[in-house]
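Below you'll find the structure, written out as structure tokens, and then a few comments.
All figures in this text were calculated on a predicted structure; none of them were measured in a lab. In what follows, chains are A, B, ... by sequence order, proteins preceding strands, each numbered from 1.
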Protein chains: 2
Amino acid sequence: MSTIAKAMELLEFFSLDRPEIGLSDFHRLARRDKATTFRHLSALESAGLLEQNPATRAYRIGPAVLRLAHMREVTLPRRAGLRVALPRLAEATGETAHASLLDASGLTTLAHHEAPQHSARVVLHESRLPLHATASGIAALAFGDEDLMKRALAAMPAYTDTTARSPEDLQAAVARARASGIAISNQTFETGVTGFAAPLFDSTGIAGAVAVAAVSSRVTPELQTLILTELMNAARTISANWGGTIPPALAAAWAAQAGPETAP
Amino acid sequence: MSTIAKAMELLEFFSLDRPEIGLSDFHRLARRDKATTFRHLSALESAGLLEQNPATRAYRIGPAVLRLAHMREVTLPRRAGLRVALPRLAEATGETAHASLLDASGLTTLAHHEAPQHSARVVLHESRLPLHATASGIAALAFGDEDLMKRALAAMPAYTDTTARSPEDLQAAVARARASGIAISNQTFETGVTGFAAPLFDSTGIAGAVAVAAVSSRVTPELQTLILTELMNAARTISANWGGTIPPALAAAWAAQAGPETAP
DNA sequence: TGTATTGGTTCATTATTCAAACCATTGGTT
DNA sequence: AACCAATGGTTTGAATAATGAACCAATACA
């Protein structure tokens with residue numbers, strides 16, 4: 001593992017639950033030498049990627065990140081394409097909606113939107129989603145290449161009792177998603193949460209996924225139908241905003257989903 | 001220079017004008033070995049901080065940056081505090097308004113807003129502002145500590161004929177800003193652009209600056225008075241949003257500015 | 001007072017980077 | 001087709017960094 005990779009790994013420990021981390025915590029979390037950790041943190045700080053809370057001396061995300069994110073968003077807009085579709089999806093379904101972006105090593109949560117209707121709603125903590133254990137991941141795998149599948153198969157930790165354990169289980173789930181155009185995961189990542197996801201495309205192909213995370217006990221057949229319909233609409237809108245086209249096979253699968261409902 | 005610092009430096013070469021950079025360009029821009037540059041880029045890519053454009057193989061900012069920026073904004077909102085004040089400042093003055101955040105090595109542009117009134121307006125290209133050559137930098141220096149001034153004096157490249165060259169010139173400009181509460185820079189960074197800036201504060205002290213960049217030929221005494229008034233209002237609002245307090249000396253300086261106008 | 005924990009620093013050992021060469025591919029010219 | 005000048009990417013021993021165990025200073029707590 002390169003020095004740079006080690007330093008970058010430190011950034012992975014930040015989350016909405018843990019937005020500030022001190023030297024000793026980093027030392028323990030990363031299981032790396034304290035001196036080394038300190039040097040890495042200092043280097044990241046002087047680059048502006050981190051900054052120290054003057055009061056606690058704990059490290060947090062620095063302002064340089066804002067500049068980089070702004071630049072990416074100006075030249076390659078992604079969040080902008082969600083601005084209307086994601087709140088609409090959350091409101092129409094009454095559940096939490098989120099969209100994630102596919103990169104070399106998995107899915108990164110781009111944005112999430114919570115429905116105002118229910119007091120009990122799914123709150124997202126993780127911003128990095130595993131391919132094999134989330135509806136979003138399955139949706140991406142269903143329309144990604146074999147290389148992506150290989151990376152998913154490389155590491156398959158079990159999060160709950162129902163997380164796919166074997167390559168066969170995973171491939172079966174992916175095949176179902178490919179056939180129906182929507183991935184459904186029943187408590188494979190977090191207990192009590194059922195995930196529904198549709199793939200998103202940009203001009204280069206599969207680019208991410210849009211998903212609804214619903215409280216499992218609330219999912220009735222009626223709600224599920226509503227979620228699937230809204231999810232297809234949202235995915236169509238977002239992919240169009242991102243300059244992507246829906247593959248014919250997926251368009252057909254979606255039409256088949258909607259067909260029985262809209263037929264006279 | 002540490003390996004991490006070198007890798008981080010690569011990120012500095014991105015700008016709105018140059019959002020994608022290939023291996024050979026990096027090799028030339030950073031004046032560093034091609035093999036090493038490639039390893040650094042690969043490491044940054046596998047961390048998600050960069051990604052390769054599949055068509056051109058050039059590198060661009062990766063999706064991990066969006067996740068980090070989102071996290072910072074949720075836990076330490078800064079952009080949110082500008083949402084109302086910055087557009088108002090641009091509209092009221094008819095010129096381009098922008099706000100920047102102070103970090104260890106200078107100012108980073110957070111957001112900018114262009115006035116709709118004029119077809120000729122200042123368009124910002126640089127997201128990294130030098131302390132010694134911009135109104136924002138002078139404003140920050142006027143209310144920052146000596147350490148910040150030391151860093152400003154360490155590197156003072158000349159951008160135009162009127163950029164401060166000597167430490168004395170800079171310290172004089174800073175003293176004027178400290179006395180009046182507003183920094184004014186006449187074409188010290190870009191020719192044809194006059195900058196006006198006020199310091200911004202958060203709970204820890206000086207945190208950045210809010211500025212108006214005006215087309216120099218359009219600046220009349222009337223416009224200048226308008227800009228100063230609006231700038232003070234904007235700075236007060238934003239600092240309040242950021243949880244900061246205006247130092248008494250600055251409040252007095254601003255009152256003196258406004259005083260002569262509002263006196264009967 | 002003693003102890004545990006914090007952030008931060010030092011110095012031999014070990015791993016990485018450097019520079020300059022080389023490969024393979026692509027796009028344009030003659 | 002042959003050629004040229006780019007591109008991204010890889011390989012080689014000599015130079016230069018990174019590493020980790022122990023150490024230091026300050027704070028908090030009992």
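Residue A/Phe143 forms a side-chain contact (heavy atoms from CB on, under 4.5 Å) with just one option from A/Val174, A/Leu200, A/Ile206, and that option is A/Ile206.
As judged by a 4.0 angstrom heavy-atom cut-off over every strand, A/Ser2 is placed among residues making no nucleic acid contact.
Judged by closest nucleotide on DNA chain C, A/Ala35 is the one of A/Ala35 and B/Thr37 placed further toward the 5' end.
The CZ-C1' distance, from B/Arg39 to C/dA19, rounds to 11 Å in whole Å. Between the P atom of C/dG8 and the NZ atom of A/Lys34 lies a distance of 10 Å, rounded to the nearest Å.
Put simply, the side chain of A/Arg28 reaches to within 4.5 Å of the side chain of A/Asp25, judged on heavy atoms.
A heavy atom closer than 4.0 Å to some atom of DNA chain D occurs in A/Asp33, these being the qualifying members of residues 24-33 of chain A. Taking a 4.0 Å limit (strictly below) on heavy-atom distances, residues 52-61 of chain B reaches DNA chain D at B/Gln52, B/Arg57, B/Tyr59.
When every heavy atom of B/Asp202 is checked against every heavy atom of B/Arg78, the shortest pair comes out as OD2-NH2, 3.0 Å. Contact between B/Arg165 and B/Ala158 at its shortest, heavy atoms only, is NH1-CB, 3.9 Å. When all heavy atoms are compared, the tightest approach of B/Gly181 to B/Ala253 is N-CB, 3.9 Å. Closest approach of B/Thr36 and B/Asp33 over heavy atoms only: N-OD2, 3.2 Å. Contact between B/Gly81 and B/Ile238 at its shortest, heavy atoms only, is O-CG1, 3.9 Å.
Looking at B/Arg60 and B/Glu51, a side-chain N of the basic residue comes within less than 4.0 Å of a carboxylate O on the acidic one, giving a salt bridge.
Residues satisfying the salt bridge (charged side-chain N to carboxylate O under 4.0 Å, His left out) test with B/Arg32, not counting sequence neighbours, are B/Glu9. The ring pair (Phe, Tyr, Trp, His ring centres under 6.0 Å) test applied to A/Phe189 returns A/Tyr159, not counting sequence neighbours.
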Check against side chain to side chain contact (heavy atoms under 4.5 Å, CB included), B/Phe201 and B/Ile246: CA-CA 7 Å; B/Phe201 300 85; B/Ile246 309 296; 4.1 Å; yes
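In this structure, A/Asp145 places its CG atom where more than 12 heavy-atom neighbours from other residues, nucleotides or ligands lie under 6.0 Å away.
On the nucleic acid side, DNA chain D contacts chain A at distances under 4.0 Å to non-hydrogen atoms, with the end points of that region at D/dA18 to D/dA21.
Axis orientation changes by 40° from one end of the helix from C/dT1-D/dA30 to C/dT30-D/dA1 to the other, with each end axis drawn from 5 pairs and the value rounded to 10°.
A donor-acceptor pair under 3.5 Å is absent between the side-chain atoms of B/Glu114 and the main chain of B/Thr96, judged by distance alone.
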